[in-house]
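This report refers to the structure that appears directly beneath it.
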2 protein chains.
Amino acid sequence: MTNETHIQVIDRMISLLESLARHEHASLKTLAAETNLHSSTAFRILASLHHHNWVVRDNNGGYQLGTGLMRYAGQAAQQQEIREIALPIMTSLRDQTGETVNLTQRENDEVVYIERVTSTRMMRVEQVIGSRAPLHVTAVGKLMLAEDTGTACLDYAQRTKLPAYTANTITNAHDLCTAAALAQAQGYALDNEEAELGVGCIGVLIRDAHGKAVAGLSISAPRERRKDEWISALQQAGAEISAKLGAI
Amino acid sequence: MTNETHIQVIDRMISLLESLARHEHASLKTLAAETNLHSSTAFRILASLHHHNWVVRDNNGGYQLGTGLMRYAGQAAQQQEIREIALPIMTSLRDQTGETVNLTQRENDEVVYIERVTSTRMMRVEQVIGSRAPLHVTAVGKLMLAEDTGTACLDYAQRTKLPAYTANTITNAHDLCTAAALAQAQGYALDNEEAELGVGCIGVLIRDAHGKAVAGLSISAPRERRKDEWISALQQAGAEISAKLGAI
DNA sequence: TATTTCATTTCGCATTGTGAAATCAAGTTT
DNA sequence: AAACTTGATTTCACAATGCGAAATGAAATA
């Protein structure tokens, strides 16, 4: 189960891809520097990726992520259905609030951003699709923790040590579990600058036909813009998506 | 430019991913067999991918593509903007026609499927996002060929040898280039079962502010359902997207 | 023309990734 | 319940593979 197999080239390749994702038109030098790889090594890995269309070179010789990757990412979004159903509802919620709306799924001790509709405002909160955050620093994550039974929440706390992301991050196991329970009772959760200073979220859960929490829906906005009125709109949107998934 | 660097592990990893994309819940045995890798090799590569969340294991131990990949796909769609703009227009075109609508981009001698809205009909045409097709077997591809100047079309023919996908595929260089020129003059192109028997397409180009063809929009349907009335609707949709990109 | 700066290629070597085979782990069949 | 199956892991010794230093190219700058 907990196996420590690492393949060097794969690790290196992934850090190159990560670096590529950050920079738009990266030079070999930049990429090699950022990944601490010898330029010849980086060159060889990039050339190999290039053959598979994972990497594209612009006319100045700069490196960029290619479309080869998209092929798998589409399949990876196992819950294609959920995204299709959620997207229009998310869009209308965005239009109502003017703020970024995110769809997330739990994966072990993290939430993964599956889909988003970004705010049109100049200053806005924006998550990269596929990026991750630990459960305890997000609104939806806390609701997901509350879904677990028994000592799961405490186990999570022990396992992860509840690393602090900001001064507001809940780092005490007991506080976290009561906050989670409270959020569950309310039917929504807040994130008060617990993941990033200045950012506030509201989250709700989405359930399938079996009542199982399969995803989370959240609004992310600069803290001072966040309005309590959005809670009911968000809950309604979440319920609507759940309903389309067959929840009672 | 034409460099033949191959890194074995990366090639193997990619064929594993390809295999994973085909099967929903693949066993190690299946994957190893399909990729002609020793099971221990496949195991190690998969385990390594697992660490990076590129591969997920279901509760029966089966392997699946994970969400780690999504992270890059979003960035890879260089024209994120185009997709966002096109999606609602594509959806309404789908609703008008009831058929699958695809957004494609050219990449060297191929078109890549960037976004799609699938038909709701029982029998429908469905492309995987990120998959590819050669220019000469698609409607949009022919329009893109016609965009090139000079002997580019003939060069393409020589370079690729115009492999036949069906009995209808145009395999003669001269025929292809005149068909492309005709399509360009008409302002739309057809694909008459040239890529797959039974499938017919109509395609148009999308242009940016500089008048450059940056993408293609197409309707794909079972051949006998395809209606000529759709042409003007498609052209209008394409023009609408182009307009939002700043085309005159 | 000389100089600088990167990208690319070469090459001998050590590390890394490899496959055969052993070990586990779970079912099936006797 | 012991004896087989079947498939997933793990081990291990070895050589192919991927590595980095350094050489070479190619472009831009002085």
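The figures here come from the full heavy-atom set of this structure, side chains too, leaving out hydrogens, waters and symmetry mates. A note on names: the letters A, B, ... follow the listed sequences, proteins ahead of strands, and every chain is numbered from 1.
One can place CE of M13(B) at 17 Å from P of dT17(D), the figure rounded to the nearest angstrom. Taking atom CD1 of I45(A) as the reference point, atom C1' of dA7(C) lies 16 Å away to the nearest angstrom. Distance Q8(A) CD to dT16(C) P: 5 Å, rounded to the nearest Å. Across the protein-nucleic acid pair, H50(A) atom NE2 and dT8(C) atom C1' stand 14 Å apart, rounded to whole Å. Between the CG atom of L16(A) and the P atom of dA7(C) there is a distance of 13 Å, given to the nearest Å. One interatomic measurement links the two molecules: CD1 of I7(A) to C1' of dT18(C), which rounds to 10 Å at whole-angstrom precision. To the nearest angstrom, P of dG17(C) lies 15 Å from CG of L37(B).
Nearest nucleotide to the side chain of H38(A), out of dG18(D), dT9(D), dA22(D): dA22(D). Considering only the side chain of K29(B), dA8(D) comes nearest among dA8(D), dC6(C), dT10(D). Of the candidate nucleotides dA7(C), dA8(D), dT9(D), dA8(D) has the atom nearest to the side chain of S27(B). You'll find that the side chain of F43(B) is closest to dT10(D), out of dT18(C), dT9(C), dT10(D). When distances are taken from the side chain of Y63(A) to each of dA8(D), dT8(C), dT18(C), the shortest belongs to dT8(C). Here the side chain of R57(A) is nearest to one of dC19(D), dG19(C), dT8(C), namely dT8(C).
When each of S39(A) and I10(A) is assigned the nucleotide of DNA chain C bearing its nearest heavy atom, the one mapping closer to the 5' terminus is S39(A). Comparing G61(B) and V9(B) along DNA chain D, the residue whose closest nucleotide (by nearest heavy atom) sits nearer the 5' end is G61(B).
At the phosphate of dT18(C), OP1 or OP2 sits under 4.0 Å from a side-chain N or O atom of R12(B). At the phosphate of dG18(D), neither OP1 nor OP2 sits under 4.0 Å from any side-chain N or O atom of R44(A).
A heavy-atom distance below 4.5 Å is not found between the side chains of R207(A) and V214(A).
Under a 4.0 Å N-O distance rule, the pair R116(A)/E126(A) qualifies as a salt bridge. Using a 4.0 Å cut-off between a side-chain N of Lys or Arg and a carboxylate O of Asp or Glu, D148(B) and R106(B) qualify as a salt bridge.
Across all strands shown, L28(A) has heavy atoms under 4.0 Å from base atoms, whether or not it also approaches the sugar-phosphate.
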Mind running side chain to side chain donor-acceptor pair (under 3.5 Å) on T67(A) and E107(B) for me, showing each step along the way?
CA-CA 9 Å; T67(A) 47; E107(B) 206 169 291; 2.5 Å; yes
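Between Y165(A) and H136(A), the ring planes are perpendicular. Angles over 60° get that label, and only those under 30° would be called parallel.
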